[in-house]
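First listed ligand is number 1; within each ligand, the first listed atom is number 1.
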Amino acid sequence: MPDAEITVVGNTGDDIHLFGLKVCPDLDTVMYTLGGGIHEEQGWGREGETFAVKEELAAYGVGPEWFGLGDRDFATHIVRTQMLGAGYPLSAVTEALCARWKPGVRLLPMTDDRVETHVAIDVDGERRAVHFQEYWVKLRASVDALAVVPVGAEAAKPAPGVLDAIAGADVILFPPSNPVVSVGTILAVPGIREAVAAAPAPVVGLSPLVGGAPVRGMADKVLAAVGVESTAQAVARHYGADLIDGWLVDTVDADAVAAVEEAGIACRAVPLMMTDEDATAAMARAALALAEEVR
Ligand code: FO1
Ligand code: CA
């Protein structure tokens with residue numbers, strides 16, 4: 001829908017401070033992907049990336065070495081950190097970065113306040129909290145997540161424009177993202193969940209789970225931490241009929257449709273693998289069609 005005005009509210013709970021720089025992986029992934037700068041196969045970071053700075057830091061013995069920041073990507077974090085240091089809020093900084101990338105959507109951080117997702121894990125019988133990136137990238141979610149805590153969320157305020165965008169939307173879509181550490185973190189900012197529930201627009205979500213497993217990432221690990229089964233219907237019920245009006249599951253999960261509808265959520269089974277742009281556009285179209293049905 002080239003004429004549509006689209007606002008993307010991005011998760012900032014994955015943000016991390018490294019080498020004195022503020023890194024916002026999810027905002028950057030949206031900005032680079034829609035702006036044509038993403039490393040397509042990897043799904044994060046820049047295409048044509050080099051790692052000279054990372055190698056030089058490692059030569060000084062300065063880590064962490066487990067987080068792959070490339071030279072091109074570094075420039076984004078330098079500009080962001082410089083602007084934040086000059087007093088601009090993250091929402092204004094994101095707008096400035098997007099002036100270069102022109103993602104075709106208005107990209108808003110969920111909040112201008114600091115929120116950091118921590119994951120509680122067991123280390124030799126002791127409970128320890130690690131940064132989400134340490135759990136995800138360094139540990140590869142190889143150990144159970146005992147709890148997922150969006151530290152700072154309870155005191156955070158939605159960024160300027162977020163609540164207005166939700167209240168004024170014609171349609172609200174939950175992308176097939178992680179329901180705990182991505183969408184869940186955004187909903188944990190006081191006022192956002194309430195705004196979605198109260199919005200006059202239909203709310204339609206797409207399942208990130210296909211055939212009982214996450215398409216990408218390790219959603220099952222963090223779903224277990226909040227007591228949710230790794231199935232398309234369990235995630236729909238986790239959001240609940242108070243929040244979402246419609247839910248799309250993959251055709252392999254067609255059996256789940258009845259259980260979701262029983263929970264009071266309209267449900268359709270359509271192909272949900274984002275294999276290419278056409279397949280992805282078809283998913284968006286199916287979500288908009290379901291939104292019209294439930295409106
Ligand atoms: N994901 C990885 O699996 N390994 C990395 O080294 C890594 C570095 C990285 C650098 C910048 C950035 O914007 C994203 C990066 N990611 C990396 C992805 C990041 O962990 C994402 O937050 C998660 O994939 C979840 O959204
Ligand atoms: Ca509603």
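Scanning all protein heavy atoms for the shortest distance to atom 25 (C) of ligand 1 gives D14 OD2, 3.5 Å. The protein heavy-atom contact nearest to atom 11 (C) of ligand 1 is D73 OD2, 3.4 Å. Atom 13 (O) of ligand 1 has P25 CA, 3.2 Å as its closest protein atom, hydrogens excluded (heavy atom only). Among protein heavy atoms, the minimum distance from atom 17 (C) of ligand 1 is reached at W44 CE2, 3.2 Å. The shortest contact between atom 20 (O) of ligand 1 and any protein heavy atom is with Q133 OE1, 2.6 Å.
Between G68 and ligand 1, at least one N/O pair is under 3.5 Å apart. Residue-to-ligand polar distances keep H77 apart from ligand 1: every N/O pair is separated by 3.5 Å or more. By the 3.5 Å distance cut-off applied to N or O atoms, R140 is counted among the residues near ligand 1.
The ligand atoms of ligand 1 that sit less than 4.0 angstrom from a heavy atom of W66 are 6 (O).
At a heavy-atom cutoff of 4.0 Å, ligand 1 is contacted by the side chain of W136 but not by its backbone. The part of D26 lying near ligand 1 is the side chain, judged by heavy-atom distances below 4.0 Å. Within the 4.0 Å heavy-atom criterion, the part of L69 lying near ligand 1 is the side chain and not the backbone. At a heavy-atom cutoff of 4.0 Å, ligand 1 is contacted by no atom of E49, backbone or side chain.
Between Y239 and W247, the distance from one ring center to the other falls under 6.0 angstrom.
Side-chain contact between F174 and S207: absent, with no pair of heavy atoms (C-beta onward) separated by less than 4.5 Å.
Using modelled atom types, one finds no donor on one side chain facing an acceptor on the other under 3.5 Å when comparing Y135 with T117.
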